[in-house]
Amino acid sequence: MSEQVDEGVRRELQRQGIWVTSTQELYNWGRRNSIWPLQFGLACCAIEMIATAASRYDIARFGGEVFRPSPRQADLMIVAGTVTKKMAPQIVRLYNQMPDPKYVISMGACAISGGPFKQGYNVLKGIDRYIPVDVYIPGCPPRPEALLHAFMELQRKIDSQRLTGDSKAEHLDPDQPSEFPVPAFGQHDLQPAANPDVFHPPKMER
Amino acid sequence: MVYSMTPNPYFFIVVFCGVALVFPILPLALAWLWRRFFQPSKPGAEKNATYECGVESLGEAQVQFRSQYYLYCIIFLIFDVEAVFLVPFAVAFTGLPVGAFIAILVFLLLLIEGLIWAWSKGCLDWAR
């Protein structure tokens, strides 16, 4: 984890009761163990999210039990369920209103791609068309264990983010935008249909 | 003057006040320093907008209700209580003597008279 201190020396010191750390490590340790999700659910995935928050799966073990009713206090947006085109502008607006650093978990097939409703006229084909997504969890709906796995992946990502240097975290770069344009209701579809700055679908090679 | 190792009993209150000040101010100061040196500020039109569950906010926040609404509430309360009296009366109706019937009728007439009075005063009109 720490590049500054040799791992062997660190462990030796730890055995003597001396804990060596860096500001970055301490900061990321605090950050990854207190991820506050935004409290909202969209469809059946939300039921799995509720189960994850409840006592049997207990997301509090990972520091994520404080579901915030306001985006101002939230670090994480769990897009749990089918995003309809009617709902998409609200999701983007909520994301915009969250303070940096903010993360997004795209939970379930619907939030990733539209899922079983992909052919539907009113379903958004993935929330990553408008906002950047950090972790995708497949499943319909994903089990609470899968959400916990995504949560741990996110913790791993936060742990590896750097505060300084060229490869520092995106939210610390003053040029990186913190909010993205909210799509408007067009005649047949949302306008624009995707944000080209955010949406990078894999190119099909034939 | 007798020298004693025991400090002034009020000394602990001073210590307590000091801790009570430092304890909340220290994290706030650290957060402020952190924002100052690491976190670039990124305000924006959307981010600074009023939070209204994701939808764009409509109209003014300072909406006023007419104070005359209290009359409406009081009248509702009176008839709510009247219903509470009427239900047991209706349930026991067949077994009641004539006196009880007349008593409840007087009670009803009094309330109806009040209703007519309130109506004629215009209390039931919305937003005069």
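Bear in mind the structure is a predicted one, so any value in this text is a computation, not a measurement. Reminder, nothing fancy here: chain letters follow the sequence lines and each chain counts from 1.
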[X], part contacting chain B, at a heavy-atom distance under 4.5 Å:
X	result
V92(A)	neither
T164(A)	side chain
P101(A)	both

* For chain B, which residues of residues 35-51 of chain A have heavy atoms nearer than 4.5 angstrom -> none
* Asked: Looking at K47(B) and R72(A), what are the two nearest heavy atoms and their distance?
  -> O-NH1, 2.6 Å
* May I ask you to decide whether R11(A) forms a salt bridge with E7(A), counting only side-chain N to carboxylate O separations under 4.0 Å? => yes
Which residues satisfy the ring pair (Phe, Tyr, Trp, His ring centres under 6.0 Å) test with [X], sequence neighbours excluded?
X	answer
F38(B)	W34(B)
F107(B)	F85(B)
F79(B)	none

* Asked: Quick one: does NZ or CZ of K85(A) land under 6.0 Å from the six-membered ring centre of F185(A), within 45 degrees of the ring axis?
  -> no
* To do: Answer yes or no: does atom CD of E170(A) have more than 12 heavy-atom neighbours from other residues, nucleotides or ligands under 6.0 Å?
  => no
* Asked: Among Q176(A), M87(A), Q90(A), who wins on heavy-atom pairs under 4.5 Å with chain B?
  -> Q90(A)
* Would you confirm whether R10(A), through its side chain, and V20(A), through its main-chain N or O, come within 3.5 Å as a donor-acceptor pair? => yes
